[in-house]
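Just follow the structure's listing: the first ligand is 1, and inside any ligand the first atom is 1.
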Amino acid sequence: MIERMLQVPTIAELRRHVGEARRQGKRIGFVPTMGYLHDGHLSLVKKARETCDFVVMSIFVNPLQFGPNEDFERYPRDIERDRELARSAGVDLLFTPSVEEMYPHQVLTTVSVAQVSEPLCGQSRPGHFDGVATVVLKLFHIVQPDAAFFGQKDAQQLAVISQMVEDLSVPVEIVPCPIVREPDGLAMSSRNVYLNPEERRQATVLYRSLKQAEAWLKEGVPLDEIKERMAAMITAEPLAEIDYVEVLTYPRLTPVDTASPGQRLIFALAVRFGRTRLIDNMMVTV
Ligand code: PAF
């Protein structure tokens, strides 16, 4: 296990260390995060270590991607714990910029990926994906990685970033990594910490409904009927409040009425338990 991990808070230092690694011929892997690390993040580091010689992780809670009434202020943060987890997972360089370092002046440039940003979370979190695309492109310019690793739990984010990279010819390979789940199926998320024990218990319905959707699809149940059955299953949990339950094509996220063979679909959902909004999804090839 690699013991030495550097932590740098400035863009200039980050560039110096990554430049040095690149001069040594190392392949640079990048894992962007907002911290409060869990096994999902650590699986991205593991994947990065498999194919890269130098792994950079960023921890930056990006204000641009939070709406005015969202949880930017209370988003969980624990840099001491994160540093230890990152170090033992094999991160070489941890980038922990402040908001002032990333955005010293008012930001006048926004990256906006049309269409793919619009459905699902784009409806309930207006501007969210512009904030994500803008910070991720900025981080790509800062780190200039050969490959960047993203979890499929944020499937729409992954689609937005992949589209941006393709449209703007950003020289980075985007590597999607599978969702990591708790033993009872709940997808790992930094926001799970907000759930009280009863909400946490009921939140397992997300994964259960996705598994059912997969089974119903195999049985030939029509997509609309599957969505209705999923919604009924979820609302049977008294604390669950549905934001959306959708099935769309992936990665373009266009509406679909009838599944056709070979098509790649995503069942996606966002559900609130109290003040906590959770997302989850399952991709299937028909
Ligand atoms: O997935 C996240 O943690 C964030 O959206 C990301 C990609 C680090 C951008 O802030």
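Looking from atom 10 (O) of ligand 1 to the surrounding protein, the closest heavy atom is Gln65 OE1, 2.6 Å. The closest protein non-hydrogen atom to atom 5 (O) of ligand 1 is Gln157 OE1, 2.7 Å.
Cation-pi geometry between Arg191 and Tyr75 is not met: the NZ or CZ atom fails to fall both under 6.0 Å from the ring centre and inside 45° of the normal.
Lys46 has no carboxylate O lying under 4.0 Å from a charged side-chain N of Asp39, or vice versa, which leaves the two without a salt bridge. Under the 4.0 Å criterion applied to side-chain N and carboxylate O atoms, Arg201 and Glu198 are assigned as salt-bridge partners.
Of all the heavy atoms of Thr33, the ones lying under 4.0 Å from any atom of ligand 1 belong exclusively to the backbone.
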Intermediate values then yes/no, salt bridge (charged side-chain N to carboxylate O under 4.0 Å, His left out), Asp280 and Arg208: CA-CA 11 Å; Asp280 201 349; Arg208 283 186 277 121; over 6 Å; no
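Close approach to Val135 involves these atoms of ligand 1, each under 4.0 Å from a residue heavy atom: 9 (C), 10 (O).
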